[in-house]
Amino acid sequence: MLDSILSQCLIEALQQMYGLQLVENDISLQKTRKEFTGDFTVAVFPFVRASKKSPEITAAEIGEFVKANLAEVVEFNVIKGFLNLEISKSYWLNFLNSHQQEIDFGFAKTEETEVVMIEYSSPNTNKPLHLGHVRNNLLGWSVAQILKANGKKVVKVNLVNDRGIHICKSMLAWQKWGNGETPQSSGLKGDHLVGKYYVLFNSYYLAEVNEMLTKGIEKEVAEKQATLMLAAQEMLRKWEAKDLATIQLWETMNAWVYEGFDQTYRRMGIDFDKTYYESSTYLSGKSIVEKGVVEGKLQRKADQSVWADLTAEGLDEKLLLRSDGTSVYMTQDLGTAQLRHDEFNAHQMIYVVGNEQNYHFDVLKLILQKLGYNWAGSIHHLSYGMVELPAGKMKSREGTVVDADDLIDEMEKTAFEKALELGKIDDFESEEAKQLYAVIAMGALKYFILKVDPQKNMLFNPSESIDFNGHTGPFIQYTHARIKSLIKKASDDICPIAAHIEILTKEKDIIRLLHEYPSVIKIAGDNRSPALIANYAFELAKEYNAFYQEISILKETNDGLRNMRLLLSVFTANTLKSAMGLLGIEVPERM
RNA sequence: GGCCCCGUAGCUCAGUUGGAUAGAGCAACAGCCUUCUAAGCUGUGGGCCACUGGUUCGAAUCCAGUCGGGGUCACCA
């Protein structure tokens, strides 16, 4: 691309004139700010020591050199220590001509052999998905798409947490108070049905504990001795002992949940290449730990519990096997990590997990290193902040969660009302209209979540809900749809354009943005990449909209100009579509 | 208390890895539909980039400290 050609030329200039030995990374080429004329800017301050001249003179000298040696650079100007380089119109127009039909412009053309595994979603089977899961799912899916666009071989993995005391709680509550309710009998979505009983368990449990408190029993004791809790634990023991009735109930209720999850996943447009179930992996990892003990890398204490001593690394001791020999969360994760490494031989293993587990993953990596697995470094925790509500954190036990299905329903309803109000779907068939507001609702939701830096906690205000105007998914979808309709109306064939056409600043700004697109995609593996792409798409759409408003393309009498603008429109629409595709957002042909 | 993350307009967020006079959207106000789609466009107001010091040609960005907010330090997952 042009950037590296420019960099090379600058390196050449600095070498010849001032004897500086630089590599491409030393040159920070940035795009010229709108207030100044030019396309690319170099700050020359770092070179004045070598040039022994003022910044202004240094910049002018370099400018002369570049202008003389690069055909693409037609002019330059110097402001203070900033050298602004102006690129020829013909370069921009050629760029338009040669790339506008490429639907996957900027994508890696060949697939690498490197495998990247990415785990995301990883739900519990005792309650439906909520807004926090939505952030997780969207991030995971989007990062996977971006990695693919960069030519990686991506394996998308889901690890379902389908066992444990929390699952037993729902099962127990259903047994006690369910009266044989099924998704078929009540019409309730499976995951919601099971979630209902999880909440029910907690309210009865809370009531029981409170009653015990009034009898003067201490809180900690009450929480442990409540009959409901004891019953749940008993059920877990039965499950582990493979008691037939318990296993059957467990399978039945989990099947309900999976059906519900599948529906939600489908609606969100995400999927997986492979699904693991914790019920079949939770015992793994023990052998790794035992091996570590034998090799003296882990310590067994007098009560037979096994620990990793991480005090040398500035952390605490970490339990890996309980005194009764059973494994803990960390042990399982050690096991699954090895399992996956053996299975995929992945170059990188990405875990999309909330930032409350930052410490867990630090420890996981440290222990793997300690045990001598050289692939420990391939583990990457893609950590994201929590979604907060105006009232504070979401707590599933207290029912202060934003349910994923409810949220999507709500969004679709709003999209529908809005479309009706604006008269958007007057000439749509009812099926197409339905499709449209589903696409717009998901576009709004996905964009809302993906546009913010994953690292940061984000605030979701349900009452204000998610907007359809301004810096939103629908805005970009709208821009795309508008261009599509424009192209349709412009019945003539679009032909290549001559290099001597006039080109306005606004048009050049758009072309320059398009030119940037490949480098935007390439920032992958970076947690922020979905947010970067989202913000890029918005900038492009905004730029185009402003341009569109001011210029009539169809009425343009100059054929060359008209063609150029149509080409520009086609390229913009393609790029918007492809950028939104990386976020998992569909763009409608019309809206 | 130790460690980790965050603090930018009234609100929600960007800020291209250290560059020029800090940017959007929402909300408020004033305009623009006889044109290819107004889910749009144009304009106005709104800032001690939490605070203090340091590093240098140059800091919202890097370093140290302070203050606020969140997370985490389980024989839970």
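Values below: every heavy atom of this structure, side chains too, minus hydrogens, waters and symmetry copies. In this text, all values refer to a predicted model and were calculated from it rather than measured experimentally. So you know, we letter chains A, B, ... as the sequences are listed, proteins then strands, and number each from 1.
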Watson-Crick or G-U counterpart of [N], or none if no pair lies under 3.5 Å:
| N | value |
| --- | --- |
| B/C32 | B/G40 |
| B/C73 | B/G1 |
| B/G18 | none |
| B/C62 | B/G54 |
| B/C67 | B/G7 |

Given atom [atom1] of [X] and atom [atom2] of [N], what is their separation to the nearest angstrom?
| X | N | atom1 | atom2 | value |
| --- | --- | --- | --- | --- |
| A/Tyr544 | B/C41 | OH | C1' | 14 Å |
| A/Arg482 | B/A38 | CZ | P | 5 Å |
| A/Asn545 | B/G40 | CG | P | 8 Å |
| A/Asp426 | B/U37 | CG | C1' | 12 Å |
| A/Leu366 | B/U72 | CG | P | 20 Å |
| A/Met386 | B/C4 | CE | C1' | 13 Å |
| A/Phe45 | B/A59 | CZ | C1' | 14 Å |
| A/Gln549 | B/U42 | CD | P | 8 Å |

Legend entry - Sugar-phosphate, base or nothing in reach of A/Ala43, heavy atoms under 4.0 Å: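 Base, at least one base atom sits under 4.0 Å.
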
Inset, instruction - Just call it for A/Leu554: base, sugar-phosphate, or nothing, with non-hydrogen atoms closer than 4.0 Å on any strand. - result: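 Result for A/Leu554 = base.
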
Side-chain N or O of [X] versus OP1/OP2 of [N]: is the shortest distance under 4.0 Å?
| X | N | answer |
| --- | --- | --- |
| A/Lys456 | B/G70 | no |
| A/Arg322 | B/C76 | yes |
| A/Lys318 | B/C73 | no |
| A/Lys80 | B/U21 | yes |
| A/Lys542 | B/G25 | yes |
| A/Gln357 | B/G71 | no |
| A/Asn461 | B/C11 | no |

From [options], pick the nucleotide closest to the side chain of [X]?
| X | options | answer |
| --- | --- | --- |
| A/Leu459 | B/C13, B/A77, B/U21 | B/C13 |
| A/Phe468 | B/C75, B/A39, B/C13 | B/A39 |
| A/Phe538 | B/A77, B/G70, B/A24 | B/A24 |
| A/Asn161 | B/G25, B/C13, B/A77 | B/A77 |
| A/Asp316 | B/C6, B/U37, B/C73 | B/C73 |
| A/Tyr548 | B/G40, B/C36, B/A20 | B/C36 |
| A/Arg49 | B/A14, B/U37, B/C57 | B/C57 |
| A/Gln455 | B/G19, B/C6, B/C75 | B/C6 |
| A/Tyr329 | B/A20, B/A14, B/A77 | B/A77 |
| A/Lys489 | B/A39, B/G25, B/C36 | B/C36 |

Legend entry - A/Trp250-A/Tyr277 aromatic ring centre distance below 6.0 Å: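 Ring centroids of A/Trp250 and A/Tyr277 are no less than 6.0 Å from each other.
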
Legend entry - A/Tyr544-A/Phe547 aromatic ring centre distance below 6.0 Å: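 Between A/Tyr544 and A/Phe547, the centre distance is under 6.0 Å.
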
Report yes if some heavy atom in the side chain of [X] is under 4.5 Å from a heavy atom in the side chain of [Y]; otherwise report no.
| X | Y | result |
| --- | --- | --- |
| A/His515 | A/Asp3 | yes |
| A/Ile551 | A/Leu504 | yes |
| A/Leu228 | A/Leu172 | yes |

[N] base stacked by [X]? Criteria: ring centres under 5.5 Å, plane angle under 30°.
| X | N | answer |
| --- | --- | --- |
| A/Phe82 | B/A20 | yes |
| A/Phe36 | B/A20 | yes |
| A/Tyr478 | B/G40 | no |

Let's test your reading of the model: under 3.5 Å, does the base of [N] pair with the side chain of [X] as donor and acceptor?
| X | N | result |
| --- | --- | --- |
| A/Ser323 | B/C75 | yes |
| A/Asn84 | B/A20 | yes |
| A/Thr472 | B/A39 | no |
| A/Lys424 | B/U37 | yes |
| A/Asp303 | B/C75 | yes |
| A/Arg528 | B/U16 | no |

Inset, instruction - For the pair A/Arg590 and A/Glu432, find out whether any cationic side-chain nitrogen is under 4.0 Å from an anionic carboxylate oxygen. - result: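 Salt bridge flag = yes for A/Glu432 with A/Arg590.
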
Inset, instruction - May I ask you to decide whether A/Glu550 forms a salt bridge with A/Arg565, counting only side-chain N to carboxylate O separations under 4.0 Å? - result: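 A salt bridge is absent here (no side-chain N lies under 4.0 Å from a carboxylate O).
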
Legend entry - Along RNA chain B (nearest heavy atom to each residue), the more 5'-positioned of A/Glu278 and A/Glu356: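 With A/Glu278 and A/Glu356 compared, the 5'-side residue is A/Glu356.
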
Inset, instruction - Specify the residue among A/Ile165 and A/Lys555 whose closest nucleotide of RNA chain B lies further upstream toward the 5′ end. - result: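 It is A/Lys555 whose nearest nucleotide is closer to the 5' end.
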
Legend entry - Stepwise ring pair (Phe, Tyr, Trp, His ring centres under 6.0 Å) check, A/Phe475 with A/Tyr478: CA-CA 5 Å; A/Phe475 170 80; A/Tyr478 168 73; 7.2 Å; no

Legend entry - Contacts of A/Glu119 that satisfy salt bridge (Lys or Arg N to Asp or Glu O under 4.0 Å) - sequence neighbours left out: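 If we apply the salt bridge (Lys or Arg N to Asp or Glu O under 4.0 Å) test to A/Glu119, skipping adjacent residues, the hits are A/Arg340.
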
Inset, instruction - With syn defined as a glycosidic angle within 90° of 0 and anti as everything else, classify B/U72. - result: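 Judged by the O4'-C1' to base torsion, B/U72 sits in anti, the angle falling more than 90° away from 0.
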
Legend entry - Chi-based syn or anti call at B/C33, which uses purine or pyrimidine torsion atoms and a 90° bound: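 For B/C33, whose glycosidic angle is within 90° of 0, the conformation is syn.
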
